[in-house]
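To keep things clear, I will list the structure first and then write my remarks on it.
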Amino acid sequence: MRNSAVLAVRRSASCASSCAAPTAALPGASAAAPRPREAARVPFTARHQAVQHGGIVRAATTSVKGAKGTGSVNDRASIRYVDVDDGRVLIAEPGGRYKAPFADSVIGHRAADGADAFQASADVTQLVRRSHPGQWTVAQVNVAMGRSRVGGWGGWTLVAAYEKASEPLRGISVRDGFETVGPRAGELRVPVDGNRFPKGTSGRLGLIAHDGDRGTSGDYLTVETSRSKSTRLSDSANSADDVLNSTVTEFGAGRTVRRPDRTNTLGYDSDVFDLRGALRSGGDRVRVRVGSRKDTVWLGAVFLQADVRR
């Protein structure tokens with residue numbers, strides 16, 4: 001699975017892969033790097049937090065593709081692997097060879113309601129710093145074929161925070177975890193940033209989530225600040241009442257070249273939203289709320305950049 005991203009000076013990066021199915025297996029253990037422990041719930045914690053001139057870029061795509069007729073809804077869709085490799089996850093920088101990243105935090109792994117879902121993350125900062133602009137490739141994400149009531153899904157996202165002197169001074173935050181939201185689990189509130197933002201500032205918020213079904217309404221993403229009422233985020237590709245709808249977008253559009261490039265990513269969401277509306281009154285904190293009234297959804301990461309000075 002390939003995706004391209006152009007980076008400036010690199011500061012921090014993390015790579016997350018995930019899947020869900022009744023028989024999903026975690027990546028194989030290695031003598032060189034013992035497998036981290038697992039937990040059904042991993043609270044969101046900061047991977048990177050800074051105020052710097054620069055921003056955040058990300059690359060992402062799905063690990064499965066569907067048969068014809070899966071463009072509008074996901075229920076009862078037939079899926080298949082993007083490739084037929086198996087084994088542990090591999091990553092290759094533009095023009096580079098495959099390397100095996102090792103999970104460096106608690107692996108989220110939850111088996112419930114017929115599903116077996118997991119997420120693993122790895123710090124790949126040094127690899128990103130040494131790389132050139134171009135196409136990134138991630139292979140061998142363990143995804144089952146979806147022969148179950150809950151189906152199967154999977155994908156990966158590379159998030160990189162960078163420094164660049166010519167860009168505005170920004171609050172930058174990357175947080176990951178593994179939390180469940182849904183009709184029985186309730187909603188999740190994540191404090192993302194505690195910087196002071198002026199009125200009318202610009203910014204963007206990214207979200208990674210798993211098993212958000214296209215065509216099933218009732219899921220939402222809301223931003224709260226200290227100076228305004230909560231703002232529900234949406235755009236042309238993600239409606240306010242079905243925001244977790246199997247898309248990889250930025251401000252409502254697919255702005256990066258990726259393979260596979262299907263519009264419906266079949267349960268994997270990696271979206272970036274415009275924060276200008278939520279920050280029109282400024283504030284001294286940003287907190288997100290995510291909920292779903294019908295779907296059971298797993299949340300994997302949130303990341304933010306916002307100007308701290310006009």
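The figures here come from the full heavy-atom set of this structure, side chains too, leaving out hydrogens, waters and symmetry mates.
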pair W156-T61: side-chain heavy atoms closer than 4.5 Å: yes
Between G155 and V141, what is the shortest heavy-atom contact and its length? O-CG1, 4.5 Å
A39: what forms a side chain to side chain contact (heavy atoms under 4.5 Å, CB included) with it, not counting sequence neighbours? R37, V42, V106
Flag side-chain contact, heavy atom, 4.5 Å: Y220 against E187: yes
Close side-chain approach of R204 and F273, heavy atoms under 4.5 Å: no
The single option from V288, L279, I56 passing side-chain contact (heavy atoms from CB on, under 4.5 Å) against L205: V288
By salt bridge (charged side-chain N to carboxylate O under 4.0 Å, His left out), which residues pair with R285, not counting sequence neighbours? none
Side chain T137, main chain A92, donor-acceptor under 3.5 Å: no
With sequence neighbours excluded, what pairs up with T180 under the side chain to side chain donor-acceptor pair (under 3.5 Å) test? W298
Got R58 and V248 here, is their nearest side-chain heavy-atom distance under 4.5 Å? yes
Could you work out, with salt bridge (charged side-chain N to carboxylate O under 4.0 Å, His left out) as the rule, every residue matching D241, not counting sequence neighbours? R293
So which heavy atom on I208 is nearest to which on S270, and how close? CG1-OG, 4.0 Å
Please list, chain by chain and in numerical order, all residues satisfying salt bridge (charged side-chain N to carboxylate O under 4.0 Å, His left out) with D274, sequence neighbours excluded. R276
Is a side-chain donor or acceptor of T201 paired with a backbone partner of D307 at a separation under 3.5 angstrom? yes
When you measure from the side chain of R110 to the backbone of A40, do you find a donor-acceptor pair of N or O atoms at a distance under 3.5 Å? no
Give a yes or no on whether the backbone of S234 and the side-chain of S239 come within a donor-acceptor separation of less than 3.5 Å. no
When rounded to the nearest 0.5 Å, the distance separating CZ of F251 from CG of D235 is 9.0 Å
Compare all side-chain heavy atoms of T263 with those of R214 and state whether any distance is below 4.5 angstrom. yes
Using modelled atom types and a 3.5 Å cut-off, is there a donor and acceptor pairing between side-chain atoms of T265 and backbone atoms of T62? no
Does a side chain donor of either D271 or T249 reach within less than 3.5 Å of an acceptor in the other side chain? yes
Looking at F303 and L207, what are the two nearest heavy atoms and their distance? CE2-N, 4.2 Å
Might you point out which heavy atoms bring H53 and L169 nearest each other, and give the distance in Å? ND1-N, 3.4 Å
Taken in chain and number order and not counting sequence neighbours, the residues that satisfy side chain to side chain donor-acceptor pair (under 3.5 Å) with S230 are none
Taking side chain to side chain contact (heavy atoms under 4.5 Å, CB included) as the definition, give me every residue that meets it alongside N195, ordered by chain and number, with sequence neighbours left out. V51, D193, F197, V308
Could you measure the distance from the OG atom of S246 to the OH atom of Y268? Nearest 0.5 Å is fine. 11.5 Å
Side chains of H210 and Q119, heavy atoms from C-beta outward: is any pair under 4.5 Å? yes
Just how far is it from atom CD of E179 to atom CZ of R189, taken to the nearest 0.5 Å? 14.0 Å
Please determine whether the number of non-hydrogen atoms from other residues, nucleotides or ligands lying under 6.0 Å from atom CZ of R232 exceeds 12. yes
Distance (rounded to the nearest 0.5 Å) between R262 CZ and T247 OG1: 16.0 Å
Qualifying residues under salt bridge (charged side-chain N to carboxylate O under 4.0 Å, His left out), relative to K294, sequence neighbours excluded: none
All heavy atoms of A278 vs all of T225, minimum pair found to be O-CG2, 3.8 Å
Whether R175 side chain and F44 backbone form a donor-acceptor pair below 3.5 Å: no
Please report the shortest heavy-atom distance between N245 and D242, naming the atom on each side. CB-O, 3.2 Å
Between V159 and D176, is the side chain to side chain contact (heavy atoms under 4.5 Å, CB included) condition met? List the steps. CA-CA 11 Å; V159 179; D176 63 355; over 6 Å; no
Polar side-chain atom of E38 near backbone of H109 as donor-acceptor pair, under 3.5 Å: no
Those residues at least two apart in sequence (or on a different chain) that pass side chain to side chain contact (heavy atoms under 4.5 Å, CB included) with S105 are R47, S121
Side-chain donor or acceptor of S292 paired with backbone N/O of G182 under 3.5 Å: no
Excluding sequence neighbours, so at least two apart, what forms side chain to side chain donor-acceptor pair (under 3.5 Å) with D295? none
Between Y162 and E167, do the side chains contain a donor N or O and an acceptor N or O under 3.5 Å apart? yes
Residues forming a side chain to side chain contact (heavy atoms under 4.5 Å, CB included) with P183, sequence neighbours excluded: T296
Can you sort out the partners of E224 under side chain to side chain donor-acceptor pair (under 3.5 Å), two or more places apart, ordered by chain and number? R287, R289
D213 versus W153: any side-chain heavy-atom pair under 4.5 Å? no
Supply the atom-to-atom distance I172 CD1 to Q52 CD, rounded to the nearest 0.5 angstrom. 4.0 Å
Could you give the distance from CZ (R129) to CD (E93), rounded to the nearest 0.5 Å? 15.0 Å
Note, V302 side chain near L304 side chain (heavy atom, < 4.5 Å): no
Is it the case that the side chain of D219 and the backbone of V243 share a donor-acceptor pair, with hydrogens and angles ignored and the cut-off at 3.5 Å? yes
L299 backbone acceptor or donor facing D269 side chain under 3.5 Å: no
